[in-house]
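Here the structure comes first, spelled out in structure tokens, and everything after it is commentary.
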2 protein chains.
Amino acid sequence: MKATIYDIAKEANVSIATVSKVINGKGRISAEKRREVLQVMERLNYQPSMIATALAGKQTFTLGLLVPDISNPYFAEIARAIEDQGHRTGYSVVICSTDNRDERVEKYIGLLLKKSVDGIVIGTGVDNSELVQRLLNRKIPVALISREMPDLPVHTVVVDDDLGGRMAAEHLLDLGHTRFGVLAEDLKVASSRNRVRGFRRALDERGIAFRESDAVICDFQIAHGKAAALGLLGAADRPTALFCCNDLLAIGAIQAAKELGLRVPEDVSIVGFDNTILATVTDPQLTTIAQPIEHMGKQAVNLLMQDLEEREAAKSRLVVRPELVVRQSTGPA
Amino acid sequence: MKATIYDIAKEANVSIATVSKVINGKGRISAEKRREVLQVMERLNYQPSMIATALAGKQTFTLGLLVPDISNPYFAEIARAIEDQGHRTGYSVVICSTDNRDERVEKYIGLLLKKSVDGIVIGTGVDNSELVQRLLNRKIPVALISREMPDLPVHTVVVDDDLGGRMAAEHLLDLGHTRFGVLAEDLKVASSRNRVRGFRRALDERGIAFRESDAVICDFQIAHGKAAALGLLGAADRPTALFCCNDLLAIGAIQAAKELGLRVPEDVSIVGFDNTILATVTDPQLTTIAQPIEHMGKQAVNLLMQDLEEREAAKSRLVVRPELVVRQSTGPA
DNA sequence: TTGAAAGCGTTACCAT
DNA sequence: ATGGTAACGCTTTCAA
């Protein structure tokens, strides 16, 4: 059987209170007893039970992470960032893939609550904001990453999507393009909306026309991007440059271009968003707007920690700067 | 404050024992009281604390998952498979990225132990098998996925690597190739070793020569694969077909081929292993040996559950069949 | 400086 | 059919 605090106490001829104190470095314990207790703990290979610690009113040192799908490279990278920063600060993280379905979100949130996690990072869409509100009511620290819920007082870490869209536009404009197409994810998602908005504004400022019909909305997977791009690039007055709201869509666009016999970037330039590993694997490699995912994950966890220390802390909204990564999918018009 | 079992008991005018019984559907409770208790639970929005449940001697309903890096698409897909099956059976999963470093493995295992997880899935290399032995001593259910530790009595789920290597070879042989190269991961890893062995045996059986120097060992990332392939394909008597022990290496090989001005598959055929999402993103899309990851994850969790029910259960070794997925990176010699 | 004892929220055994 | 209560392993307060 696993050694308990009682075993240690008995073996060291002290009370469990004393043992507890040396474990946590609290109270005043004579150097002698401390040494002895430590020794016994070592000898019995004692590991305090975090379950008991948690029940006794402290923390569980566990965070929940809600993402649409951990097997999607973008979210997998977020997960790694959250895991690393969590680990550094003593927390482990439970993954929850929601498939963007509110019923799953609800089930997972319930589960995390039952498990008394110390905080939750939300990187998934939540249609029913009441679900998140429930967490706030219970004073559970929450941080959104790469998502926004403007109506809720909640920590948020996002990339500057508007700026990202603008960067994409300016890169393409600088290359001399004038006819553009956009592949947007579901515009209900704020980030997608903002990326498109930033892109369009930049065009506006340079006096370049952009019609509603130049932007097509699609789901977020490769196949959808391909289908949408096929439409855009198949038209008579096809755009010479495409801005895609994520790397998956951009990959679909590359595939579409090839299928139509168009060369990338000679005939059509393509810009993605996210800079996942996928962007380095395509041919041509993808020019894309990079999110500093590691940094964002770190900040999200830090905000949670802040909340943990001082429950009423003001809620922050961190907007981090994206970066244009020029690879081979873009070229002169 | 969160409602506890006491609140429910008081509100429903019953004892906490009764409440506990209706929660768990144990003992005999009159339909009337049951209804009433249920009603109160509903009204007070009561959620039993899994912490307390766990302390009271039951399970934590948590599994640990050790992988080298959750942001690697292959492991991200494994994680999703484990998460799904875990979720189905009522368990949540804690991710642990080890970077293949034993010190991190050790730290994470210690953490999982302190948290009293009910089982651990290991999908990472562990040099010091004593670390795993420790888990077995403590009777913690363990399942290896995609890894082997032949010396230890532990559940194991692996793809038939030997067969996978053979499938790759036969596919290439059928296309008429006779000069082969191999990109192998570190041969300390059994799976890599077996893939190469299967590949070589198949060549042997058809009487095709393969020299030691045709196989090059490298680390497991794109850049390493590229460097190694550059060597192989740059030689005067270059191979016309390359078998790579994972998709990342294969991607590196494709990049190397292009850099050398070789066309894939016209000048050189390339076969990968794993069939991650990356294989669908390259150009040409990658012919690869697919692992049924979802199925493997499911089985690994099931084995854990078996162990949970009957600690002394015999240890299984499941070998699942890989599948050749022909895409565009292979063609006639 | 040390220890006794009261929680923390459950489960499970034993009475009633 | 229901309830009282010990136990799970720890933290914390209060006395000594």
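A quick note: this is a predicted structure, and the numbers were derived from the prediction, not measured. The chains referred to below are lettered A, B, ... by the order of the sequence lines, with proteins before strands, and numbering in each begins at 1.
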Within a strict 4.5 Å, meaning less than it, do heavy atoms of the [X] and [Y] side chains meet?
X      : Y      : value
A:I78  : A:I82  : yes
B:L136 : B:I140 : no
A:V14  : A:V19  : yes

Among pairs that include at least one residue of residues 20-42 of chain B, which meet ring-ring contact (aromatic ring centres under 6.0 Å, His included), considering only residues two or more places apart or in two chains?
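Sorted result for residues 20-42 of chain B: empty, none.
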Atom pair distance, as rounded to whole Å: [atom1] in [X] and [atom2] in [N]:
X      : N      : atom1 : atom2 : value
B:I51  : C:dT10 : CD1   : C1'   : 11 Å
A:M41  : D:dC10 : CE    : P     : 10 Å
A:L55  : C:dG7  : CG    : C1'   : 10 Å
A:D7   : D:dG9  : CG    : P     : 9 Å
B:K115 : D:dC10 : NZ    : C1'   : 16 Å
B:Y46  : C:dG9  : OH    : P     : 10 Å
B:K114 : D:dC10 : NZ    : C1'   : 14 Å
B:Q59  : C:dT11 : CD    : C1'   : 13 Å

N/O donor-acceptor pairs under 3.5 Å from side chains in residues 41-53 of chain A, not counting sequence neighbours:
| from | atom 1 | to | atom 2 | distance (Å) |
| --- | --- | --- | --- | --- |
| A:S49 | OG | A:I51 | N | 3.2 |
| A:S49 | OG | A:A52 | N | 3.2 |
| A:T53 | OG1 | A:S49 | O | 2.9 |

Partner set under ring pair (Phe, Tyr, Trp, His ring centres under 6.0 Å) for B:Y108, not counting sequence neighbours:
A:H87
Any base atoms under 4.0 Å from B:Q47, or only sugar-phosphate, or nothing? Heavy atoms, all strands.
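Sugar-phosphate only.
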For B:V14, which contact category applies under a 4.0 Å heavy-atom criterion: base, sugar-phosphate, or nothing?
sugar-phosphate
Tell me whether the side-chain N or O atoms of A:Y6 pair up with the base of D:dC8 as donor and acceptor below 3.5 Å, since no angle test is needed here.
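Under the 3.5 Å cut-off, the side chain and the base do not form any donor-acceptor pair.
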Check whether any side-chain nitrogen or oxygen of B:S15 sits under 4.0 Å from OP1 or OP2 of D:dG4, and answer yes or no.
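B:S15 to D:dG4 OP1/OP2: no side-chain N or O under 4.0 Å.
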Using a cut-off of less than 4.0 Å, is there contact between a side-chain N or O of A:S49 and OP1 or OP2 of D:dG9?
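Checking D:dG9 against A:S49, no side-chain N or O comes under 4.0 Å of OP1 or OP2.
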Please name all residues satisfying side chain to side chain donor-acceptor pair (under 3.5 Å) with [X], sequence neighbours left out, ordered by chain then number.
X      : answer
B:K21  : none
B:Q306 : none
B:Y74  : B:S146, B:Q291

Could you pull out every donor-acceptor pair under 3.5 Å between side chains of residues 25-35 of chain B and any protein atom, sequence neighbours left out?
| from | atom 1 | to | atom 2 | distance (Å) |
| --- | --- | --- | --- | --- |
| B:S30 | OG | B:K33 | N | 3.3 |

Students should find that the end-to-end axis angle of the helix from C:dT1-D:dA16 to C:dT16-D:dA1, with five pairs defining each axis and rounding to 10 degrees, is 40°
Please table the atom pairs, donor to acceptor, closer than 3.5 Å between any side-chain atom in residues 119-128 of chain A and protein atoms at least two apart or in another chain.
| from | atom 1 | to | atom 2 | distance (Å) |
| --- | --- | --- | --- | --- |
| A:T124 | OG1 | A:T98 | OG1 | 2.7 |
| A:T124 | OG1 | A:N100 | OD1 | 3.2 |
| A:N128 | OD1 | A:E130 | N | 2.9 |

Taking only nitrogen or oxygen atoms into account, show me every contact under 3.5 Å that the protein makes with nucleotides 12-16 of chain C, one pair per line with its distance.
| from | atom 1 | to | atom 2 | distance (Å) |
| --- | --- | --- | --- | --- |
| C:dA12 | OP2 | B:K26 | NZ | 3.1 |

Using the salt bridge (Lys or Arg N to Asp or Glu O under 4.0 Å) rule, collect all pairs that involve residues 68-78 of chain A, keeping only residues at least two apart or in two chains.
A:D69-B:R80
Short of 4.0 Å, heavy atom to strand atom, which residues of residues 28-39 of chain A count as contacting DNA chain D?
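Nucleic-acid contacts, sorted: none.
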